[in-house]
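Protein chains get the first letters and strands the later ones, always in sequence-line order, with residue 1 at the start of each.
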Amino acid sequence: MKEKYFPQELEEKWQRRWAEEKTFEVTEDREREKFYCLEMLAYTSGRAHIGHVSNFSIGDALAWYKRMRGFNVLHPFGWDAFGQPAETAAIKDGTDPEKFTRDAIAYMKWQFQRMGLSYDWSREVATCDPEYYKWNQWFFIQMWRRGMLYRKLAPVNWCPKENISLSNEQASGGVCWRCDTPVIQKQLMQWFARITDYADQLLDDLDKLEGKWPDRVVSQQRNWIGRSLGAEVRFEVADTIDTITVFTTRIDTIFGANAIILAPEHPLLAKIVEGKPQREEVLAFAERLRKEQRNARAEELEKEGINTGGWAVNPFNRERLPIWIANFVLIDYGTGALMSVPAGDQRDFEFSRKYNLPFRQIKLTEDGREIPAEELEVPNEDWIVTVNSGRWSGLASKEANRLMTEYAEAEGFGRATTTYKLRDWGISRQRYWGTPIPMIHCDTCGIVPVPESELPVVLPKGVNLKVEGGSPLDHVPEFVNVTCPNCGGAARRDTDTMDTFVDSNWYYFRYCDPHNDEQPFDPDKIHYWLPVNQYIGGIEHAVLHLIYTRYWTKMMRDIGLVRFDEPVERLLSQGMVCKETFYCPNHEWLFPEQVTDGNRCSICESAVIIGRSEKMSKSRKNAVDPIEMINIHGADSIRLFVLFAGPPEQDKEWSDTGFNGAAKYLQRVWRIAYKWQSRVAGAEVAEPAEMSDYQRRMRRRTHQIVRSITENFEERLHLNTCISSLMELTNEIYLFDQAVDKNGEPTSADVFVAREAIEALIRMIAPFTPHIAEELWESYGHSESLARSRWPEYSDELARDEEIEVAVQVNGKLRSRLFVSPDVSREELERAALADEKVQAAAAGRDVAKVIVVPQKLVNVVVK
RNA sequence: GGGGAUGUGGCGGAACUGGCAGACGCGAAGGUCUCAAAAACCUUUGGGAUAACCUCCCGUGUGGGUUCGAUUCCCACCAUCCCCACCA
């Protein structure tokens, strides 16, 4: 064993040995309990960042722990390799997206391997491999056959900067999720997956995930699916045979309606204004609203509308209501039409004020008064007793809602219904670098799937990516022109590719059987490994990937491949790694070395704004390169630091000195292990019958700390406090060592106690810093990898304190302490506390009203 | 507007089910070793009162409440962050 700790040297040694000995490769072992530990696959951006270090360190710690607890641990890794950035980079450099991606994978894999992560690399998957995306195509065909996919001409969200279509999720807020460019709309024939058929299941099954998934993810998904229960009500358009259906959650307020308002795109608009004098004006207005609505965010858009001149008839009271159009009515939510009730809804209230539409009060205040509508200052959304509503007056809102829906159903002009915010998932992309859609368009036979025996439809190479509009594959005749599998006539391939979120839907199923060329996976294998026991990834996937993959699992269940409903048991959304930024008004973000001591820009001398800590990124110039850090103190130190910086789910602040501290700690571990190595390794010592104080203390602390770290891994996974406990154990070993030195030569009892403590430390540090742990373990005479060793056991008996400190309070204020045996009775504690001098002084002769005793912790004497 | 979180020393954080606030680490100060520096080791380190020890007072964003006892539970407010958003 070397006297000094040289991290890079021994890290290389162990990384090589793990690879050679296939230490982390696993197979289905039905005798052992499995544990599937999964980190989100890496996007092939080209470079590892600290976020990866943080994500993978958490997963790796858990994988190590479970392995040492005897589980058969599946811990695989792969690449999210299709997608726009590779294509953009290729266009820029005139290279090939495949080359860009393969290079990125090679480099990032080298980076990740230098972190020494315990992956079973034999299961590595890259989504751009034809052996992988073949099965995307296969799924596509199965879904199409079952009517789970359809095609429609749809306005797609289109990012004009990247020339790519986006799903609703990717275009949320009206901007591109990747580059923040405002999204425009384009009409294109698109493939859609009927995810809305699963809306109820996706929502209801969230209940099963509650407590095991972070609250914010569950609630974000609930909001995203956005189920509202309400009613559809059909209004006749006066003097015509047409009707307008509105969706409302508050049918009980219908007597307060003062208008029907349509989205500018509403299909009936043209007919309503036909032959009316204001026709031109209204249609022009609608056209303008359509354009503006698309380009502005909600809060920037002032409410605007126009009276179409048409009239609708309220089916409850036969009142005639003017038909308006307005920019706040959305064509793709509900029915694209609503009834305006100013007394009961903020938006209708504002709109009616602006355009002087009449108000009618339909609810009483909480104390039973009726405020005249014209005196309302704000709408009465929460008032619950209905008035001025015909035979429903006097009912509670809920009751009115139910009875009025029943009435509408009975009279045939309405029905109870459910509306969702969730839209069907548009999965076509007019791009090159993705899975080709395996469909053929034949003039005679229509849409025909590629025969399964011909899969995969391989993405052609050497394609010109710089095409204006449409997909690059449109311009590859040898790809496009095929014969129809059905009639043998001339036909065209579909030239769109799939959204990359299709790729990430099921990659972790593929890990269970990565080389299967008969089927996407062997059901026996996935039912051994899945569901994933612990999934770890970034919060940014709360509604994208994590809804799609839940949907895909249910789809696979419905086509008979899978027997469970939810793919992921526990989810952990890890925090970001942040660092402070420096911003110069003239030169934007600066590197720390560009800032002078007086906080001025070294280029222009302007005062630098020291920004709050932000997520590391290249553009903010606050990124830290993991490889540089590994070169300084080694992979173990960087892993230890990111885990120690805070609880896994919380954001962390990068600190160079903190990183240094992690390295210093490992030096300290090495030093004490080195000092005891020659005494302990190979020594045959029996458990001593008699021990002195310092020996008993060492054993007690060892068992206490093993217990606390074990419990933490099992329950809370607060890895930062596990590391504090390891540091405490280390400090304890140093104290013990000093006690031994004081006595001269170590006795056999000393060796026994030291070995127990140091070997527990080495084993428990393995999940955090596996390289140094393996090296120390080997030098302590163990020939097999720590991955095959067992997690240390603890004994409650040995962890028991001999004497505990009990706090004594008088009226809730700490006044004294008692040192007692842990099994002292309540009565004795009470007696000792009352007898205590300081307690008597604090009580100052007042009467003792009562005494509260919390065993092992505290006594509170209450005096009056 | 809706939803979710967070707020504790100079800093990162700890305190698990209401029971001694500040574990562990960083930083800082002083010391030992050294020609010197680094490393390592030792001591101190929430604020205040006191020359100092003992001791006492204050202290977990703010204001209330519940309780023998609140960082923890409840109500209101303030601040910050994240997600969604004219969703009828």
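Side-chain atoms of A:Asn223 stay outside donor-acceptor range of the base of B:C84, with no qualifying N/O pair under 3.5 Å. Taking only distance into account, the side chain of A:Lys303 meets the base of B:C86 through a donor-acceptor pair shorter than 3.5 Å.
B:A14 sits 5 Å from B:A23 when the C1' atoms are compared, rounded to a whole Å. Taking atom P in both B:U60 and B:U8, the straight-line distance is 11 Å, to the nearest Å. Separation of the C1' atoms belonging to B:C33 and B:C41 is 9 Å when rounded to the nearest angstrom. B:G69 and B:C77 have their P atoms separated by 26 Å, with the value rounded to a whole Å. With P as the reference atom, B:G25 and B:G46 are 15 Å apart, rounded to whole Å. Taking the P atom of each, B:C87 and B:A79 are spaced 25 Å apart, rounded to whole Å. Nucleotides B:C68 and B:C16 have their P atoms positioned 22 Å apart, rounded to a whole Å. Remark: the separation of the P atoms in B:U67 and B:C74 is 16 Å, to the nearest Å.
Counting non-hydrogen atoms under 4.0 angstrom, A:Asp215 reaches the backbone sugars and phosphates but no base. At the heavy-atom level, A:Gln856 lies nowhere under 4.0 Å from the strands shown. A:Arg817 comes within contact range of at least one nucleobase, with a heavy-atom separation under 4.0 Å. A:Lys857 comes within contact range of the sugar-phosphate backbone alone, with a heavy-atom separation under 4.0 Å but no base atom that close. As judged by a 4.0 angstrom heavy-atom cut-off over every strand, A:Asn660 is placed among residues making no nucleic acid contact. Using a 4.0 Å heavy-atom criterion, one finds that A:Gln809 contacts the bases of the nucleic acid, with or without backbone contacts as well. A:Ser219 comes within 4.0 angstrom of the backbone, heavy atoms only, and of no base.
Both A:Glu728 and A:Leu858 lie near RNA chain B, and the one whose nearest nucleotide falls closer to the 5' end is A:Leu858.
One atom, CG of A:Asn811, and another, C1' of B:U67, lie 13 Å apart when rounded to the nearest Å. Taking atom CG of residue A:Asp332 and atom P of nucleotide B:A85, one finds them 11 Å apart after rounding to whole Å.
The side chain of A:Asn860 places no N or O atom within less than 4.0 Å of a non-bridging phosphate oxygen (OP1 or OP2) of B:C20. Taking 4.0 angstrom as the limit, A:Arg222 places none of its side-chain polar atoms (N or O) nearer than this to OP1 or OP2 of B:C84. One finds no side-chain N or O of A:Lys664 lying less than 4.0 angstrom from the OP1 or OP2 phosphate oxygen of B:C41. Considering only side-chain N and O atoms, A:Arg716 lies under 4.0 angstrom from the phosphate OP1 or OP2 of B:A15. Contact annotation: A:Gln221 does not reach the phosphate of B:G3 (side-chain N/O to OP1 or OP2, under 4.0 Å). Contact between the side-chain N/O atoms of A:Arg668 and the OP1/OP2 oxygens of B:C41 is found at a separation under 4.0 Å. Residue A:Asn731 has no polar side-chain atom (N or O) positioned under 4.0 Å from OP1 or OP2 of B:C24. Look at A:Lys421 and you won't find any side-chain N or O under 4.0 angstrom from OP1 or OP2 of B:C87. Not one side-chain nitrogen or oxygen of A:Gln667 sits closer than 4.0 Å to the OP1 or OP2 atom of B:A40. OP1 or OP2 of B:A88 has at least one side-chain nitrogen or oxygen of A:Ser228 nearer than 4.0 Å. Phosphate proximity of B:C41 to A:Arg671: present, with a side-chain N or O under 4.0 Å from OP1 or OP2.
Cation-pi check for A:Arg347 over A:Phe328 is not met; the charged atom does not lie both under 6.0 angstrom from the ring centroid and within 45 degrees of its normal.
Between A:Asn731 and A:Arg668, the side chains place a donor N or O and an acceptor N or O closer than 3.5 Å (distance only, hydrogens not considered). Side-chain polar atoms of A:Thr386 and A:Asp252 form no donor-acceptor pair below 3.5 angstrom. In this structure, a donor-acceptor pair under 3.5 Å is present between the side chains of A:Tyr665 and A:Thr730.
B:G4 has its base anti relative to the sugar, with a glycosidic angle deviating from 0 by more than 90°.
By the 30° and 60° cut-offs, the orientation of the rings of A:Phe659 relative to A:His633 is perpendicular.
Between A:Lys675 and A:Asp741, at least one side-chain nitrogen of the basic residue sits less than 4.0 Å from a carboxylate oxygen of the acidic one, meeting the salt-bridge criterion. The residues A:Arg222 and A:Asp207 are annotated as salt-bridged, a charged nitrogen and a carboxylate oxygen being separated by less than 4.0 angstrom.
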